[in-house]
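Everything below concerns the one structure shown next.
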Amino acid sequence: MKRYTISHAKLLKEELGLYELTVDIIMMIRVCKIFREGLGGFREFQIIASAQRKHPTFSVWDKKKQSRITFDTMDFVAEEGHFPPRAIKIMQKKPSWRTEHEIQALWTILQVLDSYRNYEEPMQLLLAKVMRFERFGRRRVIVKKGVRGNSFYFIYLGTVAVTEDDDGSSAFLDPYPILLRRGGCFGEMGLQSASIRRTTVVCMEETEFLVVDREDVLANKLDQEVQKEAQHRFEFFRKMDLFALWSDEKLWQLVVLGKTEKFSYGQLISKDIVKSSFIMFVCKGTCEVLRLLDLGESPSYLKWVWQHLELIDDRPLRRRFNEPSPRERFKEFQIKSYPLQDFSYLKLLHLQKAWEQEGTSVSGTIKTSGNSLPKLLGPKIKSKLAHPIKCPMINTKFGELPKEAAVGAYMKIHTVEQGEIIGFHPLFLQDDQRDTRPLILMSLGAEVIRMRRDNFYELIDDKIKENLSKSKIEYPSDEQMTQEFLKENSWNIFRKDLFRLLMESRQSPLFTPIWRRRKGIYDPKCLVLDLCSINKKTKPHHPVFMAPRKYLPPLRIVQAISAPRYKIQEFLPQ
């Protein structure tokens with residue numbers, strides 16, 4: 001019996017060891033698979049050994065080897081965004097020496113560039129075949145004004161400025177220069193013809209470029225693909241009624257000035273249409289014109305906020321604004337002038353003397369104190385009422401507003417359909433007729449032909465200028481858009497309350513999978529302003545979206561506002 005138990009325990013131990021070994025192998029396979037999938041994200045990282053070591057080296061004593069192992073942390077510092085060294089080695093080869101596998105690898109890496117994705121796939125593969133890599137430092141002039149161009153540039157990392165001078169020095173003096181960043185491109189005219197450069201391009205920092213030379217374009221027949229895209233632009237312009245009377249020769253001049261760009265759904269096309277130096281023709285899809293509203297600058301929003309906060313704060317609504325009534329102004333003046341004194345007995349003495357002079361009998365005598373000083377009222381009179389809402393406030397044009405309630409919202413004000421033109425109004429309208437507000441252009445899946453505004457103005461004739469000057473679009477004012485936003489928000493609140501009132505809750509809730517919370521993941525609550533928690537000091541756990549503004553501090557963006565309100569049951573008959 002003892003032998004049997006020993007052998008059984010031995011077999012059980014061997015089986016458990018085999019099971020643990022199998023679990024370890026499966027776990028290692030899963031870990032290796034995760035690492036293989038994650039290596040794709042290291043394409044844009046380059047291992048760079050810095051000359052200045054911020055972190056000291058440390059050492060570990062190895063007991064087996066009986067020696068000290070040193071480890072330098074700076075040998076493994078990765079700098080984000082640089083062009084991968086493996087891709088640089090491929091681009092150092094001549095175009096004819098690159099294999100199809102290497103061209104496909106470059107094509108995959110270059111998909112991070114927006115301007116590269118604008119081309120069709122055959123053109124993308126041909127560009128990956130002929131590109132070469134260049135890196136230039138700050139203040140290096142890439143394209144000089146007045147010099148004949150022969151290359152086309154994609155910006156992989158860094159920033160360049162476009163200037164009108166010869167050496168590009170004005171870019172470092174101008175507080176708001178014209179900048180092109182990662183994903184942009186310039187010099188496309190060098191692919192079609194060696195034309196004279198009209199602007200200067202200078203590096204604002206260390207910048208990495210992917211360069212396409214015109215000689216390689218002609219040798220690898222890229223000019224045929226460029227000609228196909230130009231033919232598409234020519235057919236689009238020929239169908240437009242605006243250029244119906246133009247000859248083919250003049251229309252080709254317009255085609256050469258333009259550049260086709262593709263934008264996916266929800267992608268930003270232009271941050272400000274008014275200040276942009278380009279005109280855009282929508283040849284496919286649709287776009288939206290958006291306006292960033294600062295709700296704190298609207299009197300309608302200010303009144304709406306305090307009307308809902310009245311359910312928390314019992315102070316009258318009129319006290320929140322900068323225009324008090326005459327009675328309130330007199331009371332405030334009286335309290336500030338004589339804050340602790342009561343002069344009511346003086347009025348009674350004056351009345352008693354007036355009655356005595358007129359011969360009117362007074363039923364009683366007025367008792368006053370012996371001294372002539374007025375009676376003190378102490379703390380009964382207060383200069384201001386108590387403020388139950390304890391939160392930071394800001395002063396606006398129309399009154400006081402809680403700091404957390406000073407938010408903004410994006411509102412759609414216009415839809416641009418296929419065949420319409422955007423950005424030509426500043427050329428033909430006078431200063432008093434222009435809408436100088438910053439307007440945002442967002443794509444809903446569109447293809448746009450972009451060209452410089454001044455080049456377009458020089459090419460068109462007087463008749464087209466007259467036709468364009470007549471087509472004026474009037475956008476709604478900020479106040480009208482704010483009122484529309486508040487109406488939509490109130491309707492959404494009412495709809496949710498009505499839905500909760502009429503729909504019975506399930507006895508057994510639906511199965512919801514448990515997701516691990518990750519930092520920075522989108523949360524619907526981040527786009528909702530909750531006025532009910534304005535008094536609370538607890539900060540929200542979800543991230544908050546802030547929209548940058550040029551001359552003003554960033555503004556928090558919301559899509560809805562949850563305000564304290566009466567429940568819908570209270571308005572229904574009981």
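One is the number of the first residue; the rest follow in order along the sequence.
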Does a sphere of radius 6.0 Å around [atom1] in [X] hold more than 12 heavy atoms from other residues, nucleotides or ligands, not counting ones at 6.0 Å or beyond?
X      : atom1 : value
Asp241 : CG    : no
Lys262 : NZ    : yes
Leu552 : CG    : yes

Taking the side chain as every heavy atom from C-beta outward, state whether [X] and [Y] have any atom pair closer than 4.5 Å.
X      : Y      : result
Leu468 : Ile421 : yes
Val130 : Asp213 : no
Cys203 : Ile142 : yes
Leu268 : Ile440 : yes
Arg291 : Leu439 : yes

Can you list everything that forms a side chain to side chain donor-acceptor pair (under 3.5 Å) with [X]? Sequence neighbours excluded, please.
X      : answer
Gln92  : none
Gln267 : Ser264
Glu215 : Asn150

Kindly give the heavy-atom pair with the smallest separation between [X] and [Y], and that separation in Å.
X      : Y      : value
Leu302 : Phe398 : CD2-O, 3.2 Å
Lys412 : Leu290 : CA-CD2, 3.7 Å
Gln111 : Arg117 : O-NH1, 2.7 Å
Gln483 : Ser300 : NE2-OG, 3.3 Å
Asp272 : Arg437 : OD1-O, 4.3 Å
Thr200 : Gly168 : CG2-N, 4.0 Å

I'd like to know if [X] and [Y] make a salt bridge, using a cut-off of under 4.0 Å between side-chain N and carboxylate O.
X      : Y      : answer
Asp166 : Lys144 : no
Glu297 : Lys397 : no
Glu134 : Arg132 : yes

Apply salt bridge (Lys or Arg N to Asp or Glu O under 4.0 Å) to [X] and list each qualifying residue two or more places apart in sequence or on a separate chain.
X      : result
Arg549 : Asp294
Arg198 : none
Arg452 : Asp454
Glu102 : Lys93

Could you tell me which residues satisfy ring-ring contact (aromatic ring centres under 6.0 Å, His included) with [X], sequence neighbours excluded, listed by chain and number?
X      : value
Tyr153 : Phe186, Phe209
Phe172 : none
Phe278 : none

task: Answer yes or no: is there a donor N or O on one side and an acceptor on the other, between the side chain of Ser115 and the main chain of Gly183, under 3.5 Å?
output: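 Yes; judged by distance alone, with no hydrogens or angles, the pair exists.
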
message: Please check this pair: side chain of Arg138 against backbone of Met204, looking for a donor-acceptor N/O pair closer than 3.5 Å.
response: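 Such a contact is found between Arg138 side chain and Met204 backbone.
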
Can you measure from [atom1] ([X]) to [atom2] ([Y]) and round to the nearest 0.5 angstrom?
X      : Y      : atom1 : atom2 : answer
Asp478 : Leu293 : CG    : CG    : 5.5 Å
Ile273 : Leu441 : CD1   : CG    : 4.5 Å
Leu486 : Ser298 : CG    : OG    : 7.0 Å
Glu205 : Arg181 : CD    : CZ    : 8.5 Å
Ser270 : Met442 : OG    : CE    : 10.5 Å
Ile90  : Arg86  : CD1   : CZ    : 5.0 Å

- request: Kindly state each residue pair satisfying ring pair (Phe, Tyr, Trp, His ring centres under 6.0 Å) with at least one member in residues 239-274, sequence neighbours excluded.
  value: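 Pairs touching residues 239-274 that pass the test: Phe234-Trp252, Phe237-Phe243, Phe243-Trp246.
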
field: Test item: side-chain donor near acceptor, Glu229 and Thr260, under 3.5 Å
entry: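 No - no donor-acceptor pair under 3.5 Å links their side chains.
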
Using a 3.5 Å cut-off and no angle test, enumerate the donor-acceptor pairs between side-chain atoms of residues 279-288 and protein atoms at least two apart in sequence or in another chain.
none

- prompt: Cation-pi between Arg182 and Tyr156: NZ/CZ under 6.0 Å from ring centre and within 45° of the ring axis?
  reply: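 Yes; both conditions hold, so Arg182 lies above the ring face of Tyr156.
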
